[in-house]
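Below: the structure, in structure tokens.
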Amino acid sequence: MNLDLLARFYERMFLIRTFEQTVEAYFARGQMRGTTHGSIGQEAIAVGVLSHVHPDEDFVTGTHRSHGHFLALTGRVFELASELMGKKTGVIHGRGGSQHLAFGNFLTNGITGGMLPSAVGVALAKKLKGEPGVVISFLGDGGMNEGHTLEALNLAGAFQTPNIFVLENNHYAMSTVTERVTGGTFESRVRGFGLPYVRHRALDVLEIHRLFGEIYQRVRETRRPVFLEFETYRLCGHSKSDKREYVVPELEAYWRENDPLLRARRALPEETVREIEERVRRQVAEAFRRAEEAPFPDPAEELKPRP
Amino acid sequence: MNLDLLARFYERMFLIRTFEQTVEAYFARGQMRGTTHGSIGQEAIAVGVLSHVHPDEDFVTGTHRSHGHFLALTGRVFELASELMGKKTGVIHGRGGSQHLAFGNFLTNGITGGMLPSAVGVALAKKLKGEPGVVISFLGDGGMNEGHTLEALNLAGAFQTPNIFVLENNHYAMSTVTERVTGGTFESRVRGFGLPYVRHRALDVLEIHRLFGEIYQRVRETRRPVFLEFETYRLCGHSKSDKREYVVPELEAYWRENDPLLRARRALPEETVREIEERVRRQVAEAFRRAEEAPFPDPAEELKPRP
Amino acid sequence: MRYIEHLRQAIEDLLAQDPTVYLLGEDIEEPYGGAFKVTKGLSTKFPGRLLSMPMSEQGYTGLGIGMALAGLKPIVEIMFGDFVTLVVDQVVNHLAKFYEMYDRPLHYVLRTPSGGYRGYGATHSQSLERLFLGIPGLRVVAPNVLSDPGALLKTSVNLGMPVIFVENKLDYARPVVTQGAFGDLFVVETAVADRFPVQRLALPDEPPEVSFVTYGGVLQEVIQAQERLLYDHEVIAETLVISDLSHGRVETLPLRGRAVVVVEESWVQFGWARDVAYRIQHHAGKPALALGARDHYIPASEPLERFVLPTASRIVTETLQFLERATP
Amino acid sequence: MRYIEHLRQAIEDLLAQDPTVYLLGEDIEEPYGGAFKVTKGLSTKFPGRLLSMPMSEQGYTGLGIGMALAGLKPIVEIMFGDFVTLVVDQVVNHLAKFYEMYDRPLHYVLRTPSGGYRGYGATHSQSLERLFLGIPGLRVVAPNVLSDPGALLKTSVNLGMPVIFVENKLDYARPVVTQGAFGDLFVVETAVADRFPVQRLALPDEPPEVSFVTYGGVLQEVIQAQERLLYDHEVIAETLVISDLSHGRVETLPLRGRAVVVVEESWVQFGWARDVAYRIQHHAGKPALALGARDHYIPASEPLERFVLPTASRIVTETLQFLERATP
Ligand SMILES: Cc1ncc(C[n+]2csc(CCOP(=O)(O)OP(=O)(O)O)c2C)c(N)n1
Ligand SMILES: Cc1ncc(C[n+]2csc(CCOP(=O)(O)OP(=O)(O)O)c2C)c(N)n1
Ligand SMILES: [Mg+2]
Ligand SMILES: [Mg+2]
């Protein structure tokens, strides 16, 4: 096992979790407006997958639940905290909020699955222009039943674009157990759109990193799409106000026990863990403090009259 | 072979073809307004499938190309000709035209695949109310890539509704060879929505009748959906103005040779064929003549002020 | 009783009294009871009558259309009004057409919570009922805190014509007052008695100089403007709040002000307010100003959001300017 | 040159001069060249630049958005304007938001043929560009037979802001006249010089009593009305035809009539015309009437369709009545 790599990944995972917990605390104290979707429990996917990205060449699309993706990609805690507080120092100056992030080649939006047609378009553009790089798109199990998602999969299959679809199947869409409202299997329908399909239980960040690395290389070379389903679990509420009364006890128990963050933690020397956690806690606290003090944006600057 | 049944089916198929040819002639002479989509070559499916329907119990949804479905179901040539001419004696008094028909439990619309969510809803209502009957829905290969179609298939799979989806795969969407813009296979994606899938090459109307009869009984009994794909072919233009420059020569040759209408015709005694064709030609000519003479609808009667 | 309780009670009554009523939507069953808790508790009381849907707005909007064609009365919930963008085809090219072209009485209500001022950002704050205004065969209805949301919902379900029923997220928690005293100052009365009434909020005795016309959740900002106009500027205003957005006969509204300000939460350009103002000018012959959101997406950050959406203070300022311009 | 030839030539120029321009749509390649033949011949001349799409309007509208995000200039064709119902979410919640909220210059044109009077029935005759009017971050542009459709398309493709480009099915076959004599009677001139100009059709010398304001294909009915008013009623009219529907500054239109009649093909309630009329009344201080389709789906049968859609004869009648009412 590569302990250095694991320590690096653990630090990023712990950063995400600490960030999400801090956000929960802010909301609980009424210090944040709007809404938020945390990614506690799913950090290993964001970190393992996005460790491979070439930010200038590749393009990444996120979802409504993309704090983790953003932090895995950029590490910019202060900008994200600022964005959630609606501050001028935010990722897009507070214009977007938790669900609407844009940073270089990374975009998210609040319509579940709605980014996927664009993601295929970016990949098609790469193909047409003969540019390198791939498009990595996160999506949820719930979003798998949306028409735009299914149409996007068909387009990727028909035009054989360099897309990697990363399904974070955490079993729930909000409170709905997705399986109960879904016909058939994701595997068969994905294959039915002409995409190769891989499934993996997302327990081990190094394993995720290794697996995704293979797929990433393959898509970079073949310029053809792959669909990758991660079994995962959200160990927090869907959004700020969710009491989680709907959880399936067996699922909950399994994933509490197999939290990928704790697994990574257990594999590292205690000393390393302590150092990392202290550093990250300081970093996050500091970032939120600075964000609190940052100014609000000025409408006159952010919102220009129409052309 | 049941010659009586075949003669009956042949008569209906020949009625549809004669109707479509007459419509083509009217358009060519500039005697009809609007547009029209003929079903020449596909008559055996309409006739074989709809020979089973109980008009009061079952529900049927058509497409933009539903003259054949309507005639197979009702035999009402005069009303359909009137509808196409915009006459008061039309199926819905000329309000709808070729693509917008409604007659009892039979509805069509001009948005390809757009009727399918409704079709699942009617079937769900039957299930909820404990009523007998099934819902039979026609769709095209092109329409298989629309989001609403795919969402409807998922809903039918998830709620296990008594739907029979009848895909008339004539290989083209307008001028597009559907296969070239479609990822994967219809079979795999349909199964991926939790629906059993059956494929059949639609050459023989008696065989279609037999096969559909089995499926029909099964769905009536199990109250669960089935998806049935017919390989077929359109031996006419997509719409009134189509010069058919896009046809794939091998497909064209195969289906010219295997026109199901001619196959049925060859299997019948010459005398029977002559009698049927004469009768049908008279019937159609008479219906169009009467439709020409029929009055136009009155806006004051058809379009009431809003409530 | 709060707005949400009126709605919940009405849905409960409908389910209890009419076995053909069904609810469709995402997460509407227990233990969630809907993203805004409107259906909380109901799936336990009425097993099988609330159908939790997959994330498939087009699909289940159409599913409801089929149920309506089969004689049921579906109430379909779209979780946020912003997502009606996904169902425009099913509603405009199917539901509305079946109703009028195929001449089928359809009982169909599409409920959706709309509106901003909450920092939810660009795809969770819009008032997109505008997409359905003016489409033949559809009725757009919006309750408010002066009109009983439950009664409006019952009327909509039994109308026999498809209804887009626009609720407001912030109104859910507010109390509803349909007659009598409202706060210390104002009185509520029915200005136009109708299945979808027009309610008036006014001072008990004094005749108003200006009439506000509005609908839905932005009423809150209008009421504040009405107060500030009185206290800070000694301008007396009344407010008429409309619940039938598409078919309400604004031509004959009993307007008592000499000038009219029509306020909507959505973008003012090509919106509801300008249409209403146009009709008031033509038919009542009174000068009418339309106010609404500025021409920008709705940002998340509070000062930006409040710059874009109409606020009490902007309503006050623009009303005063308008009164000056419109002085005879 | 006919309207369709202007468009085809412009697309050809764009493809030839700018390698980032791509066309997406159903059946746009040879031998079909598009349902209305706008792209006829182009896929042979520019291999790989026209991408025939599956029937998947949501999907490929979004595909184009991604291409635009990646710096290309897609021109997306939706075969009939009625089907834009399917892409409202991609356009409103994605394209428009990316452009303004994410502050990305996007070159994106969605072309679609609109309009009725052809007996195609309820789902193939609508003018649904109204769905996009007033949505921030979108521009709605419509050519007409007095404004060069090709020039407008080129401007739209290079604007850096998403454009919904609404063509008219019946206009395709009509000749375009942008300056000088139009028929025996009228003269065309540019009333407002702009990237998206306003064109005027008028008698050469006589000042008009009434000004029509309109856009797109219904101009045909307006011109007929203009003729009949002159011949049958001795009323002189001019017509101003707008090409920038969403952003055109109608507040400052050089209107020469004492009264204004705004005509659109779509349903008059909550439509473009009433918004324009509202603004003209407020800013130009002239009485302005809005006319459009009646409140019904568009039927196939000719007498029914012509009852619903605005016709020259209805325009004449209502204009005369309005002039009478609006006489000072
Ligand atoms: C089109 C659309 N429908 C509904 C919602 C409301 N909503 C936000 S997240 C969510 C559940 C998403 O489930 P999934 O796709 O599995 O992602 P997860 O939340 O589990 O990460 C819902 C219903 C939305 N944002 N967009
Ligand atoms: C949503 C939508 N997109 C496009 C069209 C235009 N159109 C009508 S029929 C057709 C092709 C349909 O192909 P298919 O589904 O295979 O049916 P077929 O015509 O072969 O019977 C197209 C593109 C439409 N009517 N509706
Ligand atoms: Mg999920
Ligand atoms: Mg086909």
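Chain letters run A, B, ... following the sequence lines, proteins first, then strands; residues in each count from 1. Every value quoted in this text rests on a predicted model; they were computed, and no experiment measured them.
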Rounded distance (nearest 0.5 Å) linking atom OG1 of T112(B) with atom CZ of F83(D): 7.0 Å
Heavy-atom cut-off 4.5 Å, strictly under: side chain, backbone, both or neither for M53(D) against chain B? backbone
Are a donor atom and an acceptor atom from the side chains of D27(D) and S175(B) found within less than 3.5 Å of each other? yes
Pairs of heavy atoms under 4.5 Å with chain D: top-ranked of L150(B), T36(B), T176(B), L303(B): L303(B)
Chi angles and distances behind the side chain to side chain contact (heavy atoms under 4.5 Å, CB included) call for H148(B), L86(D): CA-CA 9 Å; H148(B) 43 230; L86(D) 290 164; 3.6 Å; yes
Whether the H93(B) and S301(D) side chains hold a donor-acceptor pair (N or O, under 3.5 Å, no angle test) is what I'd like checked. no
Between P54(D), G59(D), A122(D), P299(D), the one whose heavy-atom pairs under 4.5 Å with chain B are most numerous: P54(D)
Side chain to side chain contact (heavy atoms under 4.5 Å, CB included) assessment of R33(B) paired with E302(D): CA-CA 8 Å; R33(B) 240 177 120 242; E302(D) 187 157 17; 3.3 Å; yes
Measure E305(D) against the heavy atoms of chain B and call it side chain, backbone, both or neither at under 4.5 Å. side chain
Is it the case that over 12 heavy atoms from other parts of the model lie below 6.0 angstrom from the CZ atom of R29(B)? yes
Structural part of Y60(D) lying under 4.5 Å from a heavy atom of chain B: neither
With the side chain counted from C-beta on, respond yes when T123(D) and H100(B) share a heavy-atom pair under 4.5 Å apart, and no when they do not. yes
Is it the side chain or the backbone of T35(B) that comes within 4.5 Å of chain D heavy atoms, both, or neither? both
With a 4.5 angstrom heavy-atom cut-off, could you sort out which part of Q99(B) is near chain D: side chain, backbone, both or neither? side chain
More than 12 non-hydrogen atoms from neighbouring residues, nucleotides or ligands closer than 6.0 Å to CD on E179(B), yes or no? no
How long is the straight-line distance from CD of E302(B) back to NE2 of H296(D), given to the nearest 0.5 Å? 11.0 Å
Do the non-hydrogen side-chain atoms of E146(B) and Q58(D) ever get within less than 4.5 Å of each other? no
Within a radius of less than 6.0 Å around NZ of K37(D), do more than 12 heavy atoms belonging to other residues, nucleotides or ligands occur? yes
Of all the heavy-atom pairs spanning P303(D) and P297(B), show the shortest one and how long it is. CG-O, 4.0 Å
